[in-house]
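Some notes on the structure that comes next.
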2 protein chains.
Amino acid sequence: MTEKVQHDRVTCSKMMLPVQDALEILSGKWKIPIIIALTHGVKRFSDLSKEIPKITDRMLSKELRDLEMNQLVKRTVYDTFPVTVEYTMTEYGQTLHEVIEALAKWGYNHRKRIMQD
Amino acid sequence: MTEKVQHDRVTCSKMMLPVQDALEILSGKWKIPIIIALTHGVKRFSDLSKEIPKITDRMLSKELRDLEMNQLVKRTVYDTFPVTVEYTMTEYGQTLHEVIEALAKWGYNHRKRIMQD
């Protein structure tokens with residue numbers, strides 16, 4: 001194996017792991033829609049349920065727990081009657097927005113390009 | 001449904017489609033490794049095969065065809081003996097690098113954060 005290929009293999013795998021970590025976090029059908037819905041501020045469970053087409057309450061609840069576990073979403077329970085539960089992106093979760101915007105920008109241009117063909 | 005929820009639902013789905021388009025292009029086990037390997041310039045099939053751990057020649061060939069079909073990768077055949085086949089990112093394919101860098105940057109920090117916990 002030439003030195004160059006060896007060098008590139010190291011560079012390649014060094015970048016690959018973080019990229020795959022990030023894609024793992026964003027993968028699945030519902031993570032992105034939930035994160036996008038929470039971009040616009042605090043939301044109640046029922047708001048999210050209305051905004052995200054076709055998600056079941058069971059799935060929404062599961063996905064929110066996953067995001068909470070990854071410290072991306074914060075869940076706050078208010079002692080009202082009936083109890084109010086609100087969700088918001090954590091400061092850390094907000095760092096994902098840059099990634100999602102890069103994906104959205106590229107995807108938007110790609111869609112335009114394909115439709116022109 | 002309140003006007004705000006209605007508005008957010010439109011914003012949400014408007015952003016969702018392009019993001020999902022982009023993720024679709026990058027999904028699967030091998031697309032990202034191939035794109036990253038081609039970041040560093042023109043590569044022969046055999047270079048790619050050596051650099052990307054565990055990919056079979058059959059899979060590499062299939063994935064390169066997919067990327068070529070999406071106009072992301074260009075394949076050039078040189079009339080040498082034996083025939084030389086080289087792959088390179090197209091100008092359009094290079095626009096993906098910004099997206100991949102955003103993913104890599106986020107994933108890198110995420111890994112660091114998780115390891116500190």
Side-chain angles (χ1 to χ4, degrees), chain A residues 1-2 4-27 29 32-41 43 46-48 50-53 70-72 92 95-114 117, chain B residues 1-2 4-27 29 31-41 43 46-48 50-53 70-72 92 95-96 98-114 117:
Chain A
M1 203 181 288
T2 64
K4 181 163 186 324
V5 168
Q6 181 63 50
H7 166 77
D8 282 353
R9 184 190 263 193
V10 172
T11 319
C12 181
S13 54
K14 222 172 155 182
M15 206 169 169
M16 220 142 60
L17 273 179
V19 174
Q20 282 168 335
D21 281 349
L23 285 177
E24 178 65 29
I25 297 276
L26 299 176
S27 69
K29 197 171 168 187
I32 299 270
I34 294 171
I35 294 168
I36 293 176
L38 287 175
T39 307
H40 306 287
K43 293 277 160 81
S46 56
D47 293 335
L48 291 170
K50 273 180 218 147
E51 269 175 47
I52 301 166
N70 275 314
Q71 303 169 20
L72 298 168
Y92 177 53
T95 62
L96 265 177
H97 289 153
E98 206 178 312
V99 178
I100 291 181
E101 256 169 42
L103 285 164
K105 199 175 126 198
W106 193 87
Y108 178 77
N109 287 330
H110 185 64
R111 189 160 269 248
K112 247 183 24 195
R113 187 186 168 99
I114 280 180
D117 270 358
Chain B
M1 204 180 288
T2 64
K4 179 159 188 326
V5 169
Q6 179 64 52
H7 167 76
D8 282 352
R9 185 190 262 193
V10 172
T11 317
C12 180
S13 55
K14 222 172 158 181
M15 206 169 170
M16 221 140 61
L17 273 179
V19 174
Q20 282 169 335
D21 281 349
L23 286 177
E24 178 66 29
I25 297 276
L26 300 176
S27 69
K29 197 172 168 185
K31 295 285 193 313
I32 299 268
I34 294 172
I35 294 169
I36 293 176
L38 288 174
T39 306
H40 307 286
K43 294 275 160 80
S46 56
D47 293 335
L48 290 171
K50 273 180 220 147
E51 269 176 48
I52 301 166
N70 276 313
Q71 302 169 20
L72 298 168
Y92 178 53
T95 61
L96 264 178
E98 204 178 314
V99 178
I100 291 179
E101 257 171 40
L103 285 165
K105 198 175 127 199
W106 193 87
Y108 178 77
N109 287 330
H110 184 65
R111 191 160 269 249
K112 247 184 23 194
R113 186 187 169 98
I114 281 179
D117 270 359

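Naming: A, B, ... by sequence-line order, numbering from 1 per chain. Every value quoted in this text rests on a predicted model; they were computed, and no experiment measured them.
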| said: Counting only non-hydrogen atoms closer than 4.5 Å, does A:E24 touch chain B with its backbone (N, CA, C, O), its side chain (CB onward), both, or neither? | reply: neither
| message | Report which part of A:L48 has an atom under 4.5 Å of a heavy atom belonging to chain B: side chain, backbone, both, or neither. | response | neither
| query | Heavy-atom distance under 4.5 Å to chain B: side chain of A:K105, backbone, both or neither? | reply | side chain
| note | Residues B:W106 and A:A22: closest non-hydrogen pair is CE3-CB, 4.0 Å
| said: At a heavy-atom distance under 4.5 Å, which candidate from A:N70, A:I25, A:L96 has the highest pair count against chain B? | reply: A:L96
| Minimum-distance pair of heavy atoms, taken over all atoms of B:Q71 and B:Y92 | O-CD2, 3.7 Å
| query | For A:D21 and B:G107, which heavy atoms make the closest approach, and how far apart are they? | reply | OD2-O, 4.1 Å
| query | Does the side chain of B:V19 come within less than 4.5 Å of A:L26's, by heavy atoms? | reply | no
